[in-house]
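What follows is a short report on a single structure.
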Amino acid sequence: FFIAAMLLELYVTTKENIKTYESKDAFSSITMGLGNVIIGFFSKALVLVCFFYIYEHFRLFTIPVVWWSFILIFFADDFAYYWFHRISHSCRLFWASHVVHHSSQHYNLSTALRQTWSGGFYTFIFWLWLPLLGFHPGMIMLQMSISLLYQFWIHTEAINKMPHWFEAILNTPSHHRVHHGSNPIYLDRNHAGILIIWDKLFKTFEAEVEKPIYGLVKNIETYNPVKVAFIEWFEMFKDFSTSKISIKNRLLYLIKPPGWRHDGTSILSDDLRKEWEKNKNTNN
């Protein structure tokens, strides 16, 4: 299905004279996806064990597997995903695994396959409250998979806009292009999984108003899948191991946003956005 979808996208974008694919980049993304699937056999086993342990020993209620509970899990899972995604952009420990998905300077369906090799072992903590409430682990894993599959199709430039009602409620290619943009106005915006309503509710929504520049503020300039998977872990622990800094600052390198520096030279996403807004107002 993924291969067929990518070939269709390539045909459409080529016909429309939109250059979205670059062979080395696409190969790197697909390799990252295959690695994620292989490693996922182990990480998902860990997740399932943790979910079942909480469900069997600590659940507050028992939510039956019936039609209405699938509606509840849909909203609960999407809410959990929003906060996982948002915090993955504001805490370097989670960014170290999530940055993989943003490391491509292209935006196409192969980018959707550019997934972490490390995140599956610890990011599931954002979903632990679901088995605690009483959702069966099988339901949770199913809905997490549905969410991931939904997000595949929104990684494209072949679709401009969906109908207005669709854009108002659901995540779309337009909304998600914003999320992958490194333009100052787009940084750390549109963290939605399926429903865009969370971004609108928690003030992280940004409409697509200018062409996104895909990639990172500082791109990693490599197609090597191993480097893509672990380069930010290496950089984070290098900062953590900086000599002659306090234990507090070492820990802050793990929990502060990407770009934070202990010496006061930090340039964060908010700083870049404020500078952009200042220049915009000056020019106007």
Self-check item: side chain to side chain contact (heavy atoms under 4.5 Å, CB included) between Leu148 and Tyr81, intermediate numbers included
Solution: CA-CA 10 Å; Leu148 195 62; Tyr81 182 88; 5.9 Å; no
Starting at [atom1] of [X], measure out to [atom2] of [Y] and round the result to the nearest 0.5 Å.
| X | Y | atom1 | atom2 | result |
| --- | --- | --- | --- | --- |
| Asn190 | Lys200 | CG | NZ | 9.5 Å |
| Leu34 | Ser29 | CG | OG | 11.0 Å |
| Trp95 | His102 | CH2 | NE2 | 5.0 Å |
| Phe124 | Leu130 | CZ | CG | 13.0 Å |
| Asn36 | Thr31 | CG | OG1 | 12.5 Å |
| Lys24 | Thr222 | NZ | OG1 | 10.0 Å |

Grab the two heavy atoms, one from [X] and one from [Y], that are nearest each other, plus how far apart they are.
| X | Y | value |
| --- | --- | --- |
| Gly259 | Leu268 | C-CD2, 3.6 Å |
| Ser103 | Val100 | OG-O, 2.7 Å |
| Val228 | Arg114 | CG1-NH1, 4.0 Å |
| Pro173 | Ile159 | CB-O, 3.8 Å |
| Asn171 | Trp153 | O-CZ2, 4.1 Å |
| Leu109 | Ala5 | CD1-O, 3.4 Å |

Taking C-beta and beyond as the side chain, do [X] and [Y] meet within less than 4.5 Å on heavy atoms?
| X | Y | value |
| --- | --- | --- |
| Asp77 | Met144 | yes |
| His180 | His155 | yes |
| Phe121 | Ile39 | yes |
| Tyr82 | Ile194 | no |
| Tyr150 | Leu170 | yes |
| Tyr107 | Pro212 | no |
| Tyr53 | Phe58 | yes |

Exercise. Scan Trp127, Phe202, Trp129, Phe94 and name whichever one has a ring pair (Phe, Tyr, Trp, His ring centres under 6.0 Å) with Trp83.
Key: Phe202
Look at the side chain of [X] and the backbone N and O of [Y], then say whether any donor-acceptor pair between them is shorter than 3.5 Å.
| X | Y | answer |
| --- | --- | --- |
| Asn219 | Leu216 | yes |
| Tyr186 | Glu210 | yes |
| Thr13 | Ala158 | no |
| Arg250 | Thr242 | yes |

Can you tell me if [X] has over 12 outside heavy atoms packed within less than 6.0 Å of its [atom1]?
| X | atom1 | result |
| --- | --- | --- |
| Trp67 | CH2 | no |
| Phe70 | CZ | yes |
| Tyr11 | OH | no |
| Ile3 | CD1 | no |
| Lys161 | NZ | yes |
| Phe27 | CZ | no |

So, [X] versus [Y]: side-chain donor-acceptor pair below 3.5 Å or not?
| X | Y | value |
| --- | --- | --- |
| Asn108 | Ser110 | yes |
| Tyr122 | Ser97 | yes |
| Glu9 | Tyr21 | yes |
| Gln143 | Ser147 | no |
| His179 | His89 | yes |

Self-check item: Ring center gap for Tyr214 and His106 short of 6.0 angstrom
Solution: no
For [X] and [Y], take the angle between the two ring planes, folded into 0 to 90°, and tell me which bin it lands in: parallel under 30, tilted 30 to 60, perpendicular over 60.
| X | Y | value |
| --- | --- | --- |
| Phe84 | His98 | perpendicular |
| His176 | His85 | tilted |
| Trp260 | Tyr253 | perpendicular |

Practice problem: Run the numbers on Met139 and Val65 for side chain to side chain contact (heavy atoms under 4.5 Å, CB included), then give the verdict. | Solution: CA-CA 8 Å; Met139 288 184 67; Val65 182; 3.8 Å; yes
Exercise. Identify, with sequence neighbours excluded, every residue that meets side-chain contact (heavy atoms from CB on, under 4.5 Å) alongside Lys238.
Key: Phe234, Glu235
Between [X] and [Y], is there shared hydrophobic-cluster membership here, with clusters defined by ILVMFWY side-chain heavy atoms closer than 4.5 Å?
| X | Y | result |
| --- | --- | --- |
| Phe79 | Ile196 | no |
| Ile73 | Val47 | yes |
| Ile38 | Ile30 | no |
| Leu10 | Ile154 | no |
| Trp117 | Phe237 | yes |

Self-check item: Verdict with supporting geometry, Arg86 and Asp199, salt bridge (charged side-chain N to carboxylate O under 4.0 Å, His left out)
Solution: CA-CA 9 Å; Arg86 181 171 176 173; Asp199 285 290; over 6 Å; no
Practice problem: Provide the full list of salt bridge (charged side-chain N to carboxylate O under 4.0 Å, His left out) pairs with a residue in residues 164-179, sequence neighbours left out, each pair given once. | Solution: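 Sorted pair list: Arg177-Glu208.
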Quiz item: Testing Ile54, Leu48, Val49 for side-chain contact (heavy atoms from CB on, under 4.5 Å) with Phe52, which one passes?
Solution: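 The side-chain contact (heavy atoms from CB on, under 4.5 Å) with Phe52 is passed solely by Leu48 among Ile54, Leu48, Val49.
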Exercise. Tell me, with the steps shown, if Arg273 and Asp188 meet salt bridge (charged side-chain N to carboxylate O under 4.0 Å, His left out).
Key: CA-CA 10 Å; Arg273 187 179 299 105; Asp188 300 341; 5.0 Å; no
Quiz item: Could you walk me through whether Ile185 and Glu206 pass the side chain to side chain contact (heavy atoms under 4.5 Å, CB included) check?
Solution: CA-CA 8 Å; Ile185 190 177; Glu206 192 70 52; 3.7 Å; yes
Self-check item: side chain to side chain contact (heavy atoms under 4.5 Å, CB included) assessment of Glu275 paired with Asp271
Solution: CA-CA 6 Å; Glu275 182 65 24; Asp271 299 321; over 6 Å; no
